[in-house]
Protein chains: 2
Amino acid sequence: MKSPAPRKSRGPKTLKVDTTRLLDAAQRVFSENGMGGASIRAIAREAGCDPALIYYHFDSKEAMFLALLERKMPPLAVELELLSAPSNTEPTALRLWKISRIYWRHFGEDSGFRAVLRGQILGGTEGTKDAIARHIQRAAKCNWAIIDQGIERGDLRSDLHTRVTGFFLVRMFMEIFDLVPSFVERITQVPVGQAVAKAERAWFELFWRGVAAHPSKPLPADLFSVE
Amino acid sequence: MKSPAPRKSRGPKTLKVDTTRLLDAAQRVFSENGMGGASIRAIAREAGCDPALIYYHFDSKEAMFLALLERKMPPLAVELELLSAPSNTEPTALRLWKISRIYWRHFGEDSGFRAVLRGQILGGTEGTKDAIARHIQRAAKCNWAIIDQGIERGDLRSDLHTRVTGFFLVRMFMEIFDLVPSFVERITQVPVGQAVAKAERAWFELFWRGVAAHPSKPLPADLFSVE
DNA sequence: ACTCCATTTCAACGACTGTTGAATAATGCG
DNA sequence: CGCATTATTCAACAGTCGTTGAAATGGAGT
């Protein structure tokens, strides 16, 4: 005997499912499942509603991704813009390290979202790629400014190519977040524990020696305790 | 009036479709479309046969990917093992640079395949992840050996962490191959042209300053013309 | 000539995808 | 109360995917 189809009641629920709640669900699903498993149906399940409801709030899946991007990226850029203000006279090494802390706070635990972002940069629609580029450029300009100011202040080598140097700094941090967990477990057989944190510091020290005008001068003592 | 279904003849064709031919097709499709677009049907189309034939030669799509991996990785490892032999007395900087040339020869133009590999490392089945880890480890050991020998010979800083340093060197080259084309076009608005080659050299110079025991000693003059 | 085997195609299965149109229920307003 | 609006669900469409079982074909061996 089949039970007579326990249909959910239609019409507005007491707990309204609005745009924000859908984006929260989308973010969780993206973060955990990455692009592959992030289907409309999975997001709807996470939000506790029907897949069709998503199309009441968004024009398409792509539009939802863009809305999520619009929600996640500007706060990152705002922090970076604050850090990169020319009036900021903190040591250049500290500012560069803070760049990575900011990226960590906004993207560190979102490995799935990073994977989606990467996938869309490489193979999204033109509209999506343009939107991503605009957001990344806004953040990247801050990194470039910090590097340029570092050169002007005599802290960084004057023969650096600003843009490619910024790319190196940030991308390697992202790679560490993404891949070190897998590599540590399966390839190096080093205890997982603090592997990511150790790799971050090793990378920053290497980077600093590579870009500093006077690499033998010691880094600020409490640099790596900055949150 | 529908034409009477121009069926292909069954049975062996004059041009036999064997394992090699299927792997060739798979490699082309992986390279261009990445994992997402690399369906069994697309590979079959590329090989000029029916999708079902693939299951005559391979147990599953995963098995085909593993076979492709088995065909692509060992030649890379062999080249690296030759380069990392302790009897090799070439300058350490040259050996490190040659590492990147080897990776370039084997993976440089295979952006789709790199993407697939990355995806499988992060989200493949346990069997696939193990197989990939075995291959990567074999190659990575060579890089570690070169770095260790560089330290012993006094060319590299003695406080380097071998494994993480090797990770940095290779991963950044891969990132450059993958992302610089997109970034150059959409974010930096620098002419594309030789951007990847320039980034490669900028990265190697930064890396070398970061790891060398005496970074002020000039690099071998003709380093970057090595193929 | 007949049989057997290796190779190839066909047709379908079930699952999943993004998306849409219609039906339905709760709410706010006059 | 009646009505329009808003929020929600249902059922389906057309497409893709990996995979499978059965049928067909050509050639080799006897």
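By convention in this document, chain letters (A, B, ...) are assigned in the order of the sequence lines, proteins followed by strands, and residues within each chain are numbered from 1. What you see is a predicted model; the values in this text were computed from it and never measured. These values consider heavy atoms only, across backbone and side chains, with no hydrogens, waters or symmetry-generated copies.
Atom CG of B/L53 is separated from atom P of C/dC10 by 12 Å (rounded to the nearest Å). B/R45 has its CZ atom 17 Å from the C1' atom of C/dC10, to the nearest Å. Atom CG in B/D50 sits roughly 15 Å away from atom P in D/dT20 (whole-Å rounding). Note: CD1 (B/I43) to P (D/dT19) measures 11 Å, nearest angstrom.
Residue A/S39 has no polar side-chain atom (N or O) positioned under 4.0 Å from OP1 or OP2 of C/dC16.
Here B/D178 pairs with A/R118 in a salt bridge; the nearest charged N to carboxylate O distance falls below 4.0 Å. For B/D24 and B/R71, the salt-bridge test passes: some basic side-chain N is under 4.0 Å from an acidic carboxylate O.
Contact check of residues 54-66 of chain B against DNA chain D (heavy atom, cut-off under 4.0 Å) returns B/Y55, B/S60, B/K61.
Residues passing the ring pair (Phe, Tyr, Trp, His ring centres under 6.0 Å) test with A/Y55: none are found, sequence neighbours excluded. In this structure A/W144 satisfies the ring pair (Phe, Tyr, Trp, His ring centres under 6.0 Å) test with no other residue, sequence neighbours excluded.
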_Show, in sequence, the C-alpha distance, side-chain angles and deciding distance for B/R101 and B/E200, and conclude whether the salt bridge (charged side-chain N to carboxylate O under 4.0 Å, His left out) test is met._
CA-CA 10 Å; B/R101 302 326 301 155; B/E200 275 187 85; 2.5 Å; yes

*Show your reasoning for whether ring pair (Phe, Tyr, Trp, His ring centres under 6.0 Å) applies to B/F177 and B/W104.*
CA-CA 9 Å; B/F177 300 159; B/W104 169 257; 4.7 Å; yes

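For the pair A/R41 and A/P51, both in contact range of DNA chain D, the more 5′-proximal nearest nucleotide belongs to A/P51.
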